[in-house]
Amino acid sequence: MIATEDIEHCNKCGFCLPVCPTYQLTSNELQSPRGRIAMIEAAIQGEIAIGEGLNDSLSHCLDCRACETACPSGVRYHRILETGRDMLRLASHSKQRSQPSFATRQILKLVKKPKWLRGVMRVGNRFKKTSLPKPLESLKPFLGYTEQQIAKVTISSSTATCTVEFFEGCIMSAQFADANQAAKNLLARGGIQSDSPVQQGCCGALHLHSGYAEEAKAMARQNIDAFLHSEKLIVNTAGGCGAMLMQYGELLADDPKYADKARQFSARVRDWATVFKRVQHKVPLRGSGKRVTLQNSCHLVNVEHAGQDTVDLLKGVTGDLFVPYSGQDSCCGSAGTYNIEQREWAMSILEQKMIVLADMQPDLIIVNNPGCHFQMRWGVQRYDWDADRVQHLAVYLERAAQRAERMLDQGERVDA
Ligand code: SF4
Ligand code: SF4
């Protein structure tokens with residue numbers, strides 16, 4: 001795919017620069033969306049070499065797509081980025097540089113087998129208090145999860161009575177099973193039943209963004225087939241996965257057998273919060289006097305365009321105070337395997353966020369994507385805060401629903 005049309009749409013206005021985390025970090029045009037587009041255009045036209053300079057610029061891009069949301073001309077930056085990365089992969093001298101690290105390659109294998117992933121998490125938890133050698137330090141946020149979080153989610157077989165289909169996700173089902181269960185429970189409280197087709201697998205986002213497009217396409221086809229039996233909405237609890245599922249139509253546009261099916265599949269995808277928001281009036285939510293803030297998944301905001309649903313739900317919890325801040329929709333630096341591949345930059349981006357949060361001193365930081373969950377846990381641990389200060393939206397809301405239920409049982413008013 002050469003995104004010539006998208007490149008031509010860029011009028012170099014620069015409106016995207018202020019929202020770009022890597023430009024904010026460096027003030028360097030070459031680390032901005034406009035600079036990257038210009039470099040890719042120059043490389044296509046043979047004006048610059050497809051080499052180290054291009055690689056340095058593109059490999060530091062988070063692919064967070066904040067630039068797309070800010071762009072008044074509707075430039076589909078991610079397609080241009082993919083063109084540039086394809087060029088780098090094809091250039092023989094850069095092949096070695098484009099190869100993901102050993103740690104990333106192991107993660108890509110593990111996410112295809114949630115059972116193994118759970119096993120690794122359990123073993124890892126035994127070492128949660130052990131200080132890790134420097135090369136393994138980046139794995140620390142993956143450790144220290146409770147058995148309840150790792151517990152296996154029961155995947156039921158398909159029935160005709162469900163209202164939505166539930167996409168479990170690899171890491172969500174292996175490590176944040178409590179969040180998936182909480183989302184299902186909340187939807188059920190609102191009168192929506194969930195069903196989880198057994199043949200579903202990992203969404204393929206990590207593979208696609210690590211340069212394994214063919215593997216990602218195979219995973220997309222498997223998921224499309226798994227959900228083909230119905231036309232119901234497909235909901236999930238991870239902004240990154242949801243964005244990937246919504247892109248299957250684009251990913252398989254040239255596949256004669258799957259193009260239509262992929263488009264139809266993508267049109268059915270919603271974040272669980274978008275669906276729950278429709279029925280939230282049936283589910284009283286009561287907080288416990290906490291100051292709550294948010295790390296919104298950038299893909300949920302910029303690709304699914306559903307970030308506001310999370311904000312609205314947080315505002316609907318009586319008794320807690322939602323405290324917004326200007327960078328809540330900005331990427332935390334996790335970005336798939338970016339915090340492994342580009343660790344220094346990822347930590348600098350996180351640190352900018354943590355400085356703001358340290359000033360705000362929230363009791364809870366709500367997340368809606370597993371990558372953000374790992375990254376923000378890493379952030380709060382660096383500030384010696386309790387890791388449980390980071391909570392998935394569904395877990396937080398289910399506790400609020402349970403609290404409200406207890407109060408109502410005791411004849412107390414939830415909204416007082
Ligand atoms: S995707 Fe994100 S990091 Fe990359 S250029 Fe756009 S705003 Fe910057
Ligand atoms: S990508 Fe959009 S916002 Fe950025 S310079 Fe080009 S036209 Fe302007």
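By convention here, the first residue in the shown sequence is residue 1. Indexing begins at 1, ligand by ligand and atom by atom, following the structure's order.
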Novice: Check whether any heavy atom of S73 sits under 4.0 Å from an atom of ligand 2.
Specialist: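 Checking ligand 2 against S73, which is what was asked, there is a heavy-atom contact under 4.0 Å.
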
Novice: In terms of residue, atom name and distance, what is the protein heavy atom nearest to atom 4 (Fe) of ligand 2?
Specialist: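 The closest one turns out to be C16 SG, 2.3 Å.
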
Novice: After noting the C-alpha distance and the side-chain angles of N339 and Q375, does the key distance pass the side-chain hydrogen bond (donor to acceptor under 3.5 Å, both in side chains) rule?
Specialist: CA-CA 8 Å; N339 57 357; Q375 182 81 341; 3.0 Å; yes

Novice: Between the side chains of D312 and K277, is the shortest nitrogen-to-carboxylate-oxygen separation below 4.0 Å, so that they form an ion pair?
Specialist: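 Between D312 and K277 there is a salt bridge, with a charged N closer than 4.0 Å to a carboxylate O.
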
Novice: Quick one: look up the protein heavy atom nearest atom 3 (S) of ligand 1 and list residue, atom name and how far away it is.
Specialist: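 Nearest neighbour among protein heavy atoms for atom 3 (S) of ligand 1, to 0.1 Å: L62 N, 3.4 Å.
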
Novice: Among R268, H229, Q200, which residue meets the side chain to side chain donor-acceptor pair (under 3.5 Å) test with E165?
Specialist: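 Of R268, H229, Q200, side chain to side chain donor-acceptor pair (under 3.5 Å) with E165 is met by H229 alone.
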
Novice: What part of R65, side chain from CB on, backbone N/CA/C/O, both or neither, has a heavy atom under 4.0 Å from ligand 1?
Specialist: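 It is the backbone that touches ligand 1; the side chain stays farther off.
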
Novice: Would you say C71 reaches atom 4 (Fe) of ligand 2 with an N/O/S atom under 2.8 Å?
Specialist: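 No - counting backbone and side chain alike, C71 has no N, O or S atom under 2.8 Å.
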
Novice: Taking only heavy atoms of P33, which atoms of ligand 1 are found under 4.0 Å from at least one of them?
Specialist: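 Under 4.0 Å from P33, ligand 1 has these atoms: 5 (S).
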
Novice: Is there a side-chain contact between Y23 and Q31, using heavy atoms and a 4.5 Å cut-off?
Specialist: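 SC-SC contact between Y23 and Q31 ruled out.
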
Novice: So if I count the atoms of ligand 2 from 1 in the order they appear, which ones are less than 4.0 Å from some heavy atom of P72?
Specialist: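 This gives 3 (S) as the contact atoms.
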
Novice: Applying side chain to side chain contact (heavy atoms under 4.5 Å, CB included) to K290 and L321, what does each step give before you reach the verdict?
Specialist: CA-CA 6 Å; K290 291 198 161 54; L321 178 67; over 6 Å; no

Novice: Give a yes or no on whether a salt bridge exists between R403 and E398, defined as a side-chain N under 4.0 angstrom from a carboxylate O.
Specialist: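 Result for this pair is no, no salt bridge flagged.
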
Novice: Using a strict threshold of under 4.0 Å (side-chain N to carboxylate O), is an ion pair present between R263 and E250?
Specialist: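 Between R263 and E250 there is no salt bridge, as every charged N stays at least 4.0 Å from the carboxylate O atoms.
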
Novice: For ligand 1, is any non-hydrogen atom under 4.0 Å from Y77's backbone (N, CA, C, O), its side chain (CB onward), both, or neither?
Specialist: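 Within the 4.0 Å criterion, Y77 contacts ligand 1 through side-chain atoms alone.
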
Novice: Which protein non-hydrogen atom lies closest to atom 6 (Fe) of ligand 1, naming both residue and atom, and how far is it?
Specialist: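 The closest one turns out to be C67 SG, 2.3 Å.
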
Novice: Minimum heavy-atom separation for L251 and A220, please, with both atom names.
Specialist: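 Closest approach of L251 to A220: CD2-CB, 4.0 Å.
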
Novice: I'd like to check which ligand 2 atoms, numbered from 1 as shown, lie under 4.0 Å from a non-hydrogen atom of I37.
Specialist: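 Close to I37: 1 (S).
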
Novice: Please list, in number order, the atoms of ligand 2 under 4.0 Å from a heavy atom of G14.
Specialist: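 So the atoms of ligand 2 that pass are 5 (S), 8 (Fe).
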
Novice: Checking only N/O/S atoms, does C20 have one that is under 2.8 Å from atom 2 (Fe) of ligand 1?
Specialist: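 It does not; every qualifying atom lies at 2.8 Å or beyond.
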
Novice: So, R65 and E68, do they make that salt bridge, N to O below 4.0 Å?
Specialist: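 Between E68 and R65 there is a salt bridge, with a charged N closer than 4.0 Å to a carboxylate O.
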
Novice: Report the nearest protein non-hydrogen atom to atom 2 (Fe) of ligand 1: residue, atom name, distance rounded to 0.1 Å.
Specialist: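 Protein heavy atom with the smallest distance to atom 2 (Fe) of ligand 1: C64 SG, 2.4 Å.
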
Novice: Applying a heavy-atom cut-off of 4.0 Å, say which part of D63 lies close to ligand 1: side chain, backbone, both or neither.
Specialist: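 The part of D63 near ligand 1 is the backbone, not the side chain.
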
Novice: So which heavy atom in the protein is nearest atom 5 (S) of ligand 1, and how far is it from that ligand atom?
Specialist: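 So the nearest neighbour among protein heavy atoms is R36 NH1, 3.2 Å.
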
Novice: Is R343 close enough and on-axis enough to W378, meaning under 6.0 Å and within 45°, for cation-pi?
Specialist: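 Yes, a cation-pi geometry holds between R343 and W378.
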
Novice: For ligand 2, which atoms sit closer than 4.0 Å to a heavy atom of C13?
Specialist: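 Reading through ligand 2 atom by atom, the close ones are 3 (S), 5 (S), 7 (S), 8 (Fe).
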
